[in-house]
Amino acid sequence: MMNTLGINIKKEQEKAIEYVKSQGLRVLVCAGTGCLACGAREVIEKFQQLGATVDTMTEKDKVTTVPTGCHGFCEQGVLVSIPDLNTTYVKVKAEDVEEIFNSHIKGGKPVERLLYEDPATGKKALHTNDINFYAKQTRTALANCGKINPESLEEALSVRAYEALAKVLTENGPDKVIDEIEKSGLRGRGGGGFPTGRKWRSVARYKGGKSYVICNGDEGDPGAFMDRSVMEDDPHKLLEGMAIAAFAIGSDEGYIYVRAEYPLAIERLKHAIKAATERNFLGDNIMGTDFSFKIHIKEGAGAFVCGESSALIASIEGERGMPRPKNIHMAEKGLFKRPTLLNNVETFANVPLIILNGSEWFSSMGTETSKGTKTFALTGEVNNNGLIEVPMNTTLREIIFDIGGGIRNGKKFKAVQLGGPSGGCLTEKHLDMPMDYDMLKKEGAMVGSGGLVVMNEDTCIVEVARFFMNFTQHESCGKCTPCREGTKNMLAILNRIVEGKGKMEDLDTLEELAEVVKESSLCGLGKSAPNPVLSTLRYFRDEYIAHIRDKKCPAGVCTALKTYTINPEKCKGCSKCSRNCPVGAIDGVIKSPFKIDQSKCIKCGACMNGCAFNAIELS
């Protein structure tokens, strides 16, 4: 390996910083997938039009509109952040832009109606750091998301892109790189939490031949978009992390496996690979050294099972994405039967930061066995939905009630599904538990890729278990009998229970099936499929019993267990409910109380929705 670089990374960064400074006042408009769907393009175009009218102003007063990646606060899009004014505007539309421009950018007076309002206090957040959603986070992997133009290599260089790669090519040998990753305590962020350094070392043992680096960007969990955000918003950080891994294990070729449903991520990754190759941060003889590394993008068809390592490899090889037995490890025979390293997007995104800041910096965050930070897709019945990043010792209470702003509409917290369809449900007693791989596993949940769905008192836990089982059963590849047949039978039992046809012995059968599927399935996805059922039976068994024995859904969610009745004291005999009923289940005499024939009622709720006197009651 050559000891000097053909590229002076410091000079490249200095030029990039000057480029960013020359932009003057930067107006950062979120151009992530969510905000684009809310009209971000129109907002960007309007800002650009108005910015063009101030070209007579000094360089100091120059205004530049920067399309960025996701800011994270997805529920409040379109988001507009002006760092120099320490202000973030929410739910911005194209027609609001002129007011922001004239009142605040030119006039110095913030537009209060577009500021975020704290749901707990009702106060407007004049400054960005007054918004708990941002202030309570610790962003490392997501540090640049929402702050740079993801399609500009110059902006990436201004925030130290490829400096870590330059460092390892001049200062660190491959073994030293792996040592640093090992000492950091970084664990895989894709689900299993396997120690990253140990995985790298196991692949690096097989030297002297072709090997591969694969990034798993498939991300099939419902509601999860952590990896998508990094790929869309800071693609060069991912590419650099992969290049450092390739250097460490002696590989010269890599693949990013990303689902075709992520078109923006694919577009920006392609753009980033092209730009990095042209500037010699990727490709042959990187930065004038002996090290070469090329990256390809493989688009997946969206199968959930392709998030599993061996199914993913089969898909890249052109085969159907189905798991393979793990008797031969990927470190020895992976892609095209060669040694292969596979990590997910977030894992690779942490690598350049560890190299630059040191393993001690990373390991200073988190718990004893779970170091660093973790991204989560915070969704469900919280006031602040979005993408967050917190140290691994952060508690569920801090995430839900500080960052998330508490439960919507003053409702009570009931449960949180952690880890997606392969995770488990946790309860109020777990709110002060830190986000730790091992602690969560003991309680029947998992960090997983980072899906976090919050539920309130109106949620039916049995229906939640049925929903996730329906998803995993539908996504089962069908290769192994335990997963194929076990999930099908578990789903059939859950369907019976929510339809009011369950039997008490079904609970024992569910647990027995769950254990068989967990122990006998071929791949990790099958083994974790029963987790939502097992955890809900563990913590909410009384709700299952209510559905079976009492034929009632405590949350009033399950349609088959609803009973609509007419309160004769409130009914005015207007007959509107009878006229609205699609199956003729309501009879009566005008100006006298009407009655519902329960044998005909289909539980549609049309009667309740149309009653002006609140005479229809649900039990």
Side-chain angles (χ1 to χ4, degrees), residues 75 119-120 132-133 221-224 376-386 388 390 394-435 439-448 450-471 494 497-498 500 502 507 510-511 514 530-562 618-619:
E75 190 175 22
N132 275 349
F133 180 84
D221 289 10
F376 293 94
L378 180 61
T379 59
E381 295 299 325
V382 285
N383 285 301
N384 301 333
N385 279 275
I388 67 170
V390 293
T394 306
T395 65
L396 279 167
R397 189 182 301 278
E398 291 172 296
I399 291 174
I400 295 168
F401 291 94
D402 291 344
I403 297 173
I407 309 302
R408 285 176 175 167
N409 303 318
K411 297 284 187 176
K412 293 181 180 179
F413 169 83
K414 183 171 185 176
V416 56
Q417 173 74 13
L418 189 59
S422 301
C425 253
L426 297 181
T427 67
E428 191 170 7
K429 75 174 186 178
H430 300 105
L431 283 176
D432 294 310
M433 176 181 291
M435 294 292 96
M439 290 184 189
L440 289 171
K441 190 174 181 180
K442 287 179 183 177
E443 298 300 320
M446 61 190 292
V447 172
L452 201 158
V453 183
V454 180
M455 293 166 267
N456 68 14
E457 57 192 297
D458 297 331
T459 304
C460 174
I461 294 297
V462 184
E463 170 55 27
V464 168
R466 192 207 66 81
F467 170 83
F468 282 114
M469 183 53 61
N470 182 63
F471 176 83
L494 291 167
I497 293 173
V498 299
L507 300 185
L510 262 180
E511 287 182 312
N531 284 348
V533 173
L534 288 171
S535 62
T536 53
L537 278 170
R538 180 177 179 181
Y539 299 119
F540 295 96
R541 198 178 192 90
D542 56 330
E543 286 205 25
Y544 281 89
I545 293 172
H547 280 70
I548 295 170
R549 187 181 61 197
D550 305 329
K551 304 302 178 186
K552 285 189 177 181
C553 173
V557 171
C558 298
T559 301
L561 299 177
K562 292 178 180 179
L618 180 62
S619 60

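This structure is a prediction, so every number in the text was calculated from the model and none was measured. Quick note: numbers below take in every heavy atom, side chains included, and nothing from hydrogens, waters or symmetry partners.
- Taken to the nearest 0.5 Å, the CZ atom of Phe133 stands 7.0 Å off from the CG atom of Leu378.
- The main-chain N or O of Lys412 is found under 3.5 Å from a side-chain atom of Glu457 such that the two form a donor-acceptor pair.
- Between the side chain of Asn456 and the main chain of Asp458, a donor-acceptor pair closer than 3.5 Å is present.
- More than 12 heavy atoms of other shown residues, nucleotides or ligands fall within 6.0 angstrom of atom NZ in Lys562.
- A donor-acceptor contact shorter than 3.5 Å is absent between the side chain of Asn531 and the backbone of Gly424.
- Rounded to the nearest 0.5 Å, atoms CD (Glu543) and SG (Cys553) are 7.0 Å apart.
- The backbone N or O of Thr427 sits less than 3.5 Å from a side-chain atom of His430, completing a donor-acceptor pair.
- Residues Leu494 and Leu510 have side chains in contact (heavy-atom distance under 4.5 Å, counting atoms from C-beta outward).
- Put simply, the side chain of Asn385 reaches to within 4.5 Å of the side chain of Arg408, judged on heavy atoms.
- Expressed to the nearest 0.5 Å, how far CD1 of Ile399 lies from CG of Leu418 amounts to 8.0 Å.
- To the nearest 0.5 angstrom, Met455 atom CE is 9.5 Å from Thr379 atom OG1.
- Thr395 places no side-chain N or O within donor-acceptor distance of the main-chain N or O of Asp432, the cut-off being under 3.5 Å.
- Atom CZ in Phe471 sits 13.5 Å away from atom CZ in Arg466 (nearest 0.5 Å).
- Listed here is the closest heavy atom pair of Gly500 and Leu561: CA-CD2, 3.3 Å.
- To the nearest 0.5 Å, atom CG of residue Leu534 and atom OH of residue Tyr539 are 11.0 Å apart.
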